[in-house]
Structures are given as structure tokens and as C-alpha cells.
Amino acid sequence: MGTGRRGLAGIAMATALVAGAAVTVTTAEALPGGAATAARDDCPAAREKVERLEGRVTPNACAFLERQITFGEMPTGTPPAPGDLAHPRVGAYLDIFDPEATLWEAGSAPQRGRTTIGTSINGSLRLAPDLAYRGTDVVADGSTVMFGQWNEVTLKGHTVAYPQIARNVLGDEGRTLQARRYYDRAVLFRDTLPGAAPAPLFEGVTDAGSPRDGERIQGGERIRNGERIQDGEQPRPGFRARAGEVTERLAAWNAEDADALLARTRGARLGGPGLAAPLVSEAGKRAYLERLFATADLRLKAGQVAVGETTAYVEWHGTVSVHDGAETRTGIPFGIVERFGPGGEWELYFDTLPLVADQAEIDALFQKLAS
């Protein structure tokens, strides 16, 4: 997903040929209500703080967004003492959650209840008191909110920045009943512990070849005969998270069917963990998926879906088995969130750390990070 967030330009109503079928892609301006739909005045405080907010923003969703943004912006001040759940920033975090909430963090078993969740964030703020984030691409769909965010933190004198999807199912007053966090923990060690960090899973995966005869890639754009191909000619991903599509795509992930996954996203730019820039060629995207499938056997279920005017998020969660030399590690908690964006983006959010290190190695890495 690169080292920073790029601005996202909306596109007018267009029709693209995807896998041989006409697929309609719309922006808010093309929907009933026109530009008014794109410039709604619901939840204005949250809209000012995020790059993009789409979907059905209910009062509960708005209350959640305001709490989520408040914690991301709030300075920690003096770090909390061990076990201190009354610390102002710990309290701001706990205010996001229902008393009976569960929180699944990358690579771990779910945490249940405010005491457990509070103890966890207490430890995080002690390790990285300057943790901060800003909202990027956010979609609210009833009681489900996919909150894209760009995190920044200082660890061992290094600034570490990385994207995350905070997936939330809301209850009364907009407090989170069930949360899952999708991000790659491997980035925490790449620069901070260079001698100890495991080799990146996708090391060496590049954009080999060009996507079409007579075309080349330059600066992430398609070039033909020395000229940039106009946006109207650019292929667009055709996945809009309809019920039948979700079933088919889940089957493709579990079957490790790269052909099926690529067919519904032909022409999209693939961003994901381990990539400094999106992959645009089919050869590069196929190599990325095949590297994942060669390492991991996925056993996923369909999770939450959130669809906005131009952006769709789809969650897959379950377990993964990892081929580690002659040994296979099984039952590892794992999940993926896919984002399909308005400008031809196809982004994957998942944790590569349990795919390249076992739990004992991961524990040792975090101990070194905290020392």
C-alpha cells in the first residue's frame, strides 16, 4: 500500500469491460440527488476529519466515528502506569467500546470486555505513547463501519507508518460490540530491528511485464504510443459485494484460485502488505497471490461488508495453516479485508507476521521492541 496515502479522485459514471461483461461504476454525483449526495451535512465533524466518508451514516455510526477520531488525535501525555485504566487516553479508547465488546487484533485470540481491552491499549501506549492516526477511506453501512486509517508511531527512534482497517459492528449509542483490526505487524520490526526481523513474505515480487501488448507502465499509469491512456479507457474492478459475488469470491480465496480473484478485478491496481507501490500488471498481481498461497492454506468465512457510493469493503476471517519448512503450523487466527476503490484500487489488508514467524519468534520480537 506504499508509504503514504494518495488523494483519491472521483470518477463520473462510466462503463468498463471487465472479464468480458459490462460493469457500471458510479460516483456519488451520478446517484439520485447528484452532488448533494456527495456533500451531505450528516456527521459534519467526522467528515472534516477523514479523507472520504461514504455510505449510510446513522446517528450511531456518527457517534462511533467521533469517538474513533477523538482517540486517534488525542495526545497521550504522560504514559499510563501499568494497569491504569483511568488514564485519559485509555478512557477515550474504552469509550469506543460496549462493556461486553470483543476486540480481535491481528494474530491473536479475541479480547473480551473493557478490562481486557483496556489492559491491552495500556500496554500499547506504554510502548508507543505517540501513537496517532487519521481517518482515510471510511464506509458506514448501517451498524457496520469500516474505518480506514493511517497510523504513525515512533519505535526505537524510528517513525513507523502503516495503513489499517478498523472493522466495527455497532450497538446502542454507537459503541462497538465487535471489532477486528487488520494491519501488517511485520512493518513494526522492519526498520526498528533490522537484524532480527524476519524476511518479508513478498520480497522480490514486482510488476513483471506489461498488462497489454503495446502498453507499458510508467509512474503507475498505462502508456501507449508515448501517451497516457485516458481514464475512460482504464479497466475498473467489477466487484460490488453483491450476495452471489461474495459467495463466489469466498470460494476463490479458500480454493487459492488466483484466476478467479484476478478475473473480477482485471485492470485494478493491487496494493497490499509488503508492496512499496501498487502492482499494475497481471503478472505482478498473480505472483503476489501465488506467493501468499504457497505459504498459507486459508480457511476463511465471510465477515462484514460495507458498500458506499464508490467504495466497497469485504471482510474474510478465520484461520490459516502455514507451511514452515517440514512443519505445518495450523489454526492460526487470520483475516483479510479487501477494498475496491473508485479509481481502480484493489487493496488487501492482512498481517504477514504469523506467515513468516511462529508465536515464540513473534513474542521474542515484541520483547526486543520493548527493551
Side-chain angles (χ1 to χ4, degrees), residues 1-6 8 50-52 54-55 68 72 103-108 133-141 144-153 160-169 178-188 190 200-202 205 237 239 241 246 249-250 252-253 261 265 268-279 285 288-289 291-293 295-296 298 300-308 311-320 332-356:
M1 252 149 273
T3 56
R5 293 295 306 187
R6 67 266 175 251
L8 297 176
V50 303
E51 292 179 12
R52 179 189 298 272
E54 296 185 356
Q68 181 81 1
L103 169 63
W104 180 84
E105 290 277 3
S108 64
Y133 60 77
R134 56 184 173 81
T136 54
D137 300 297
V138 181
V139 176
D141 199 341
T144 296
V145 178
M146 296 285 192
F147 190 92
Q149 60 190 66
W150 185 251
N151 298 346
E152 293 191 8
V153 64
V160 180
Y162 56 97
Q164 173 181 312
I165 302 300
R167 180 285 241 171
N168 294 267
V169 174
Q178 187 192 63
R180 297 195 183 106
R181 305 290 186 249
Y182 293 88
Y183 60 98
D184 185 18
R185 293 180 297 165
V187 302
L188 303 176
R190 184 179 57 209
L201 177 62
F202 297 105
V205 173
F239 188 78
V246 169
R249 198 158 185 85
L250 174 61
W253 277 112
L261 293 169
T265 53
R269 300 184 302 277
L270 173 60
L275 296 176
L279 297 169
K285 291 181 281 189
Y288 188 89
L289 293 174
R291 179 72 61 83
L292 173 63
F293 295 149
T295 305
L298 306 179
L300 304 176
K301 301 180 291 185
Q304 299 298 312
V305 173
V307 180
T311 301
Y313 282 105
V314 186
E315 177 195 31
W316 317 107
H317 68 96
T319 62
V320 65
I332 301 168
F334 189 74
I336 298 172
V337 164
E338 294 187 85
R339 175 184 174 269
F340 304 92
E345 307 97 348
W346 172 30
E347 297 173 350
L348 305 179
Y349 297 83
F350 61 94
D351 185 20
T352 68
L353 191 59
L355 308 183
V356 296

Worksheet item: Measuring from Tyr183:OH to Leu353:CG, what's the distance to the nearest 0.5 Å?
Response: 10.0 Å
Practice prompt. Please examine the side chains of Tyr313 and Asp141, heavy atoms only from C-beta on, and report whether any two atoms are closer than 4.5 Å.
Written response: no
Worksheet item: Quick one: CD on Glu338 to CH2 on Trp253, what's the gap to the nearest 0.5 Å?
Response: 5.0 Å
Worksheet item: What heavy-atom pair brings Ala268 and Lys285 nearest, and what distance separates the two atoms?
Response: O-NZ, 2.7 Å
Worksheet item: Is Arg134 paired with Glu51 through a side-chain N to carboxylate O contact shorter than 4.0 Å?
Response: yes
Discussion item. What's the separation between atom CH2 in Trp316 and atom CZ in Phe350, rounded to the nearest 0.5 Å?
Written reply: 15.0 Å
Response to the item:
Rounding to 0.5 Å, atoms CZ (Arg339) and CH2 (Trp346) come to a distance of 14.0 Å
Worksheet item: To the nearest 0.5 Å, how far apart are OH in Tyr182 and CD1 in Ile165?
Response: 10.5 Å
Item to complete: Write down the atom of Val305, the atom of Thr144, and the distance for their closest heavy-atom approach.
Response: O-CG2, 4.2 Å
Practice prompt. Could you tell me whether the side chain of Arg185 and the main chain of Asp351 form a donor-acceptor pair under 3.5 Å?
Written response: no
Worksheet item: Residues in side-chain contact (heavy atoms from CB on, under 4.5 Å) with Ala166, at least two apart?
Response: Gln68, Phe147, Gln149, Gln164, Asn168, Arg181
Practice prompt. State whether the side chain of Arg269 and the backbone N or O of Gly343 hold a donor-acceptor pair below 3.5 Å, judged by distance alone.
Written response: yes
Practice prompt. Decide whether Gln178 and Arg167 meet the rule of one side-chain donor and one side-chain acceptor closer than 3.5 Å.
Written response: yes
Discussion item. Do Pro163 and Glu347 make a side-chain contact, defined as non-hydrogen atoms from C-beta onward lying under 4.5 Å apart?
Written reply: no
Worksheet item: So how far is it from Phe334 CZ to Leu355 CG, rounded to the nearest 0.5 Å?
Response: 5.0 Å
Item to complete: Could you tell me whether the side chain of Glu315 and the main chain of Gly303 form a donor-acceptor pair under 3.5 Å?
Response: no
Discussion item. Check whether Lys301 reaches the backbone of Leu250 with its side chain - one donor and one acceptor, N or O, closer than 3.5 Å.
Written reply: no
Practice prompt. Go through the structure and list residues passing side-chain hydrogen bond (donor to acceptor under 3.5 Å, both in side chains) with Trp104, not counting sequence neighbours.
Written response: none
Fill in: Val307 and Val139: CA distance, side-chain angles, deciding distance, side-chain contact (heavy atoms from CB on, under 4.5 Å) verdict
CA-CA 7 Å; Val307 180; Val139 176; 5.7 Å; no
Practice prompt. Using only heavy-atom distances, determine whether the side chains of Asp137 and Thr311 contain a donor-acceptor pair under 3.5 Å.
Written response: no
Worksheet entry | Exam field: side chain Asp184 to backbone Pro273, donor-acceptor pair closer than 3.5 Å | no
Worksheet entry | Minimal non-hydrogen separation, Pro342 against Arg52, with atom names | CG-NH2, 3.8 Å
Worksheet item: Is there a side-chain contact between Val138 and Val145 (heavy atoms, below 4.5 Å)?
Response: yes
Discussion item. Pair Tyr133, Val153 - check side-chain contact (heavy atoms from CB on, under 4.5 Å), show working.
Written reply: CA-CA 9 Å; Tyr133 60 77; Val153 64; over 6 Å; no
Worksheet entry | Working for side-chain contact (heavy atoms from CB on, under 4.5 Å), residues Glu152 and Val160 | CA-CA 6 Å; Glu152 293 191 8; Val160 180; over 6 Å; no
Response to the item:
When every non-hydrogen atom of Thr352 is compared with those of Ala186, the smallest separation belongs to OG1-CB, 3.4 Å
Worksheet item: With a 4.5 Å limit on heavy-atom distance, are the side chains of Val205 and Leu279 in contact?
Response: yes
Item to complete: Verify side-chain contact (heavy atoms from CB on, under 4.5 Å) between Val356 and Leu201, making sure each step is shown before the conclusion.
Response: CA-CA 7 Å; Val356 296; Leu201 177 62; 3.8 Å; yes
Discussion item. Using side-chain heavy atoms (C-beta onward) and a distance below 4.5 Å, is Leu270 in contact with Leu348?
Written reply: yes
